[in-house]
Trainee: 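Pasting in a structure now, in structure tokens, and then I'll have a few things to ask.
Just so you know, these numbers come straight off a predicted model, no measurement behind them. Numbers restart at 1 for each chain; the letters A, B, ... are given by sequence-line order, proteins then strands.
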There are 2 protein chains.
Amino acid sequence: MKGYLWQATPSNDVHPAKLLHWESVAIDAVGNVIEFWGFKRNQGRVWALLYLRDVAHTAAEIEKELDLSKGGVSMLLRDLERWGVVLRVRTPGDSCWRYQAETDLLHMARRVIEEREFSFIARIRADLEEARKLAEADASTGKAQIQRLKRMETLADATEKALKLFLKTSRLDVGGMFDVFRG
Amino acid sequence: MKGYLWQATPSNDVHPAKLLHWESVAIDAVGNVIEFWGFKRNQGRVWALLYLRDVAHTAAEIEKELDLSKGGVSMLLRDLERWGVVLRVRTPGDSCWRYQAETDLLHMARRVIEEREFSFIARIRADLEEARKLAEADASTGKAQIQRLKRMETLADATEKALKLFLKTSRLDVGGMFDVFRG
DNA sequence: CATGCAGTTCAAAACGGCTTGAACTATATG
DNA sequence: CATATAGTTCAAGCCGTTTTGAACTGCATG
């Protein structure tokens with residue numbers, strides 16, 4: 001959840017490798033959702049390219065199609081592979097790796113978010129609790145202020161609860177997508 | 001939902017106006033949650049200061065307490081006022097405005113997110129739909145690709161559904177907080 | 001083992017959002 | 001009306017994140 005003022009791929013750009021127009025529209029759309037989920041736009045774009053094409057591509061091909069740098073592609077693929085949404089395969093005769101899309105994105109988004117966000121919220125709650133304890137220890141603190149600190153803790157609680165429900169929901173919602181994304 | 005590697009207010013900083021240590025811990029914690037919700041960290045900090053102190057402050061005071069710039073405070077207050085979480089009051093005798101916290105933050109967070117996110121998701125869905133239509137119009141598109149484009153639309157659907165539930169939940173969760181945050 | 005291409009690394013550049021601060025406008029006061 | 005102080009605006013600067021590209025490593029092949 002951040003600022004969402006992305007550029008809308010107004011047209012086939014100047015250096016297009018061979019991406020069809022509709023491909024780039026779809027690929028960028030996926031890039032935007034995934035960015036919304038807190039990942040890099042280009043992680044989503046790489047995955048989307050591989051998923052749409054349904055053919056294992058080499059890093060060099062991805063680089064040309066999406067107009068990214070060699071180093072960038074390498075790092076993006078490493079992330080996607082680590083998260084299990086892209087598979088690195090070596091066709092028997094061929095001497096270099098090819099990459100292909102694997103499983104759906106939300107599956108991985110959930111996992112990553114789960115691990116990332118909860119420690120985040122836990123930290124906030126810990127800070128608020130610490131603040132309250134310090135305030136309580138300080139004789140000059142008014143009763144009402146302690147009240148307000150406690151109420152702020154509810155803010156963290158509510159956020160955590162909401163986040164939990166969010167993840168649980170996306171698990172259920174996506175239940176049907178589990179298979180939907182294969183083939 | 002973005003990267004959450006914030007600095008933990010390790011100690012009373014160098015130029016503190018007169019913020020107590022526990023105050024700054026709490027204020028920063030609120031800044032962090034609110035940033036998580038997609039707002040500016042300092043919007044949360046300003047609100048938190050006013051809420052914790054429960055006394056109307058002048059812009060100059062806020063500026064000193066939180067070590068912000070004059071211009072920054074002006075803009076932050078404008079946003080908070082627009083969202084209805086901070087009230088601008090003028091005490092009879094006094095010649096300058098004072099600001100005080102009003103209602104809880106989640107109330108406003110929900111409203112703003114609601115309006116912001118849905119147009120965001122709508123846009124993504126529209127792009128995916130457009131891509132699919134273009135692909136369908138192109139004779140060279142394979143059947144399987146159209147399938148995959150449709151499946152990508154489920155990604156937007158699932159995201160939207162999850163978001164809706166998220167907001168609804170936060171509404172329920174916060175139901176009890178509605179009053180909790182007053183006085 | 002020399003050559004060349006695939007893949008990795010990382011310092012530096014590019015980018016984007018946030019904040020600053022100086023110039024400006026508005027408003028109160030004598 | 002002159003002056004002072006509060007509040008606003010916005011171009012420029014700052015800062016964190018992402019991307020680039022050149023140097024490097026590793027591996028396959030002749």
Side-chain angles (χ1 to χ4, degrees), chain A residues 1-8 13 15 28 31-32 34-47 56-82 86-100 116, chain B residues 1-8 13 15 28 31-32 34-46 56-82 86-100 116 120:
Chain A
M1 308 197 180
K2 257 304 166 69
Y4 310 118
L5 309 159
W6 71 90
Q7 68 284 24
D13 283 26
H15 318 236
D28 286 355
N32 291 327
I34 212 62
E35 188 174 31
F36 164 87
W37 290 89
F39 300 88
K40 293 187 198 164
R41 175 188 179 72
N42 281 330
Q43 288 166 348
R45 298 210 316 139
V46 169
W47 178 85
H57 283 52
T58 64
E61 283 161 353
I62 296 169
E63 185 187 329
K64 275 201 276 74
E65 296 287 14
L66 301 182
D67 194 24
L68 299 170
S69 67
K70 194 159 124 81
V73 171
S74 170
M75 291 186 297
L76 293 169
L77 285 171
R78 179 152 43 75
D79 295 337
L80 293 169
E81 211 188 332
R82 181 155 38 83
V86 155
L87 203 60
R88 178 193 292 236
V89 297
R90 171 119 45 182
T91 353
D94 206 356
S95 72
C96 82
W97 292 102
R98 287 171 178 279
Y99 303 86
Q100 71 181 40
R116 191 167 66 174
Chain B
M1 307 197 183
K2 257 302 168 71
Y4 310 117
L5 309 159
W6 71 89
Q7 68 284 25
D13 282 28
H15 315 240
D28 287 355
N32 291 326
I34 211 63
E35 188 174 32
F36 165 89
W37 291 88
F39 300 88
K40 294 187 198 164
R41 175 187 178 72
N42 282 330
Q43 289 166 348
R45 298 210 316 138
V46 169
H57 283 55
T58 64
E61 283 161 355
I62 295 169
E63 186 186 328
K64 275 201 275 76
E65 296 288 12
L66 301 182
D67 194 25
L68 298 169
S69 67
K70 192 158 126 81
V73 171
S74 169
M75 290 186 298
L76 292 169
L77 285 172
R78 180 151 43 75
D79 295 336
L80 293 170
E81 210 188 332
R82 183 155 37 83
V86 157
L87 203 60
R88 177 195 292 238
V89 297
R90 170 118 44 183
T91 353
D94 208 355
S95 72
C96 83
W97 293 102
R98 288 172 177 278
Y99 302 87
Q100 70 181 41
R116 193 168 64 174
F120 166 76

Trainee: Using salt bridge (Lys or Arg N to Asp or Glu O under 4.0 Å) as the criterion, list what pairs up with R90(B), not counting sequence neighbours.
Mentor: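 Scan of R90(B) (salt bridge (Lys or Arg N to Asp or Glu O under 4.0 Å), adjacent residues dropped) gives none.
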Trainee: Looking only at the side chain of S74(B) (C-beta and beyond, no hydrogens), which of the listed nucleotides dG7(C), dT20(C), dT8(D) gets closest?
Mentor: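 Looking only at side-chain atoms, S74(B) lies closest to dT8(D).
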Trainee: Report yes if at least one side-chain N or O of R78(A) is closer than 4.0 Å to OP1 or OP2 of dT9(C); otherwise report no.
Mentor: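 For dT9(C), OP1/OP2 do have a side-chain N/O of R78(A) under 4.0 Å.
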Trainee: When the distance from CG of L76(A) to C1' of dT9(C) is rounded to whole Å, what number comes out?
Mentor: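 Rounded to whole Å, this separation is 14 Å.
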Trainee: What nitrogen or oxygen pairs link the protein and nucleotides 1-4 of chain C at under 3.5 Å?
Mentor:
none

Trainee: May I ask you to test the I34(A)-R41(A) pair for a side-chain heavy-atom distance under 4.5 Å?
Mentor: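 Counting from C-beta outward, I34(A) and R41(A) never come under 4.5 Å.
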Trainee: Would you mind classifying the nucleic acid contact of R98(B) as base, sugar-phosphate or nothing, using non-hydrogen atoms under 4.0 angstrom?
Mentor: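 Touches nothing.
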Trainee: Can you check the D79(B) CG to dT9(D) P distance for me, whole Å?
Mentor: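 Checked: the CG to P distance equals 11 Å.
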Trainee: Can you name the residues that form a side chain to side chain contact (heavy atoms under 4.5 Å, CB included) with E81(B), not counting sequence neighbours?
Mentor: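 Residues passing side chain to side chain contact (heavy atoms under 4.5 Å, CB included) with E81(B): R88(B).
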Trainee: Can you give me the closest heavy-atom contact between F120(B) and N32(A), atom names plus distance?
Mentor: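 Heavy atoms only, the tightest pair is CZ-O, 3.6 Å.
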Trainee: Round to the nearest Å and state the distance from I62(B) atom CD1 to dA6(D) atom P.
Mentor: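 In whole Å, dA6(D) P lies 13 Å from I62(B) CD1.
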Trainee: Once you round to the nearest 0.5 Å, how far does CG of D67(B) lie from CD of E63(B)?
Mentor: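 Interatomic distance, D67(B) CG to E63(B) CD, rounded to 0.5 Å: 9.0 Å.
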Trainee: List in chain and number order the residues that pass side chain to side chain donor-acceptor pair (under 3.5 Å) with N42(A), two or more places apart in sequence or in another chain; answer none if no residue qualifies.
Mentor: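 Counting only residues at least two positions away or on another chain, N42(A) forms a side chain to side chain donor-acceptor pair (under 3.5 Å) with R45(A).
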Trainee: So V73(B) and V46(B), do their side chains get closer than 4.5 Å, heavy atoms only?
Mentor: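 Side chain of V46(B) against side chain of V73(B), heavy atoms only: no contact under 4.5 Å found.
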Trainee: Given the ring of F36(B), does R116(A) sit roughly above its face, with NZ or CZ under 6.0 Å from the centre of the six-membered ring and within 45° of the axis?
Mentor: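 Not flagged: R116(A) not positioned over aromatic ring of F36(B).
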Trainee: Compare the minimum distances between each of dG7(C), dG7(D), dC18(C) and the side chain of K40(B), then state the nucleotide with the smallest one.
Mentor: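 Nearest to the side chain of K40(B) among the choices is dC18(C).
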Trainee: How long is the line joining OH of Y99(A) and P of dA6(C), in whole Å?
Mentor: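 Atom-to-atom, Y99(A) to dA6(C), this comes out as 11 Å.
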Trainee: Starting from P on dT17(D), measure out to CG on N42(A) and report it in whole angstrom.
Mentor: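 Computing the N42(A):CG to dT17(D):P distance gives 17 Å.
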Trainee: Quick one: list whatever passes side chain to side chain donor-acceptor pair (under 3.5 Å) with R78(B), sequence neighbours left out.
Mentor: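 Testing R78(B) for side chain to side chain donor-acceptor pair (under 3.5 Å), a comparison that skips the adjacent residues, returns none.
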Trainee: Just the atom pairs and distances: protein N or O near nucleotides 21-30 of chain C's N or O, under 3.5 Å.
Mentor:
none

Trainee: Please report the distance, rounded to the nearest Å, between CZ in F39(B) and P in dG17(C).
Mentor: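 Checked: the CZ to P distance equals 17 Å.
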Trainee: Calculate the interatomic distance between R41(A) atom CZ and dG16(C) atom C1'; express it in whole Å.
Mentor: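 To the nearest whole Å, that distance equals 13 Å.
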Trainee: To the nearest Å, give me how far apart CD (E35(A)) and P (dG16(C)) are.
Mentor: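 After rounding, the gap between these two atoms is 11 Å.
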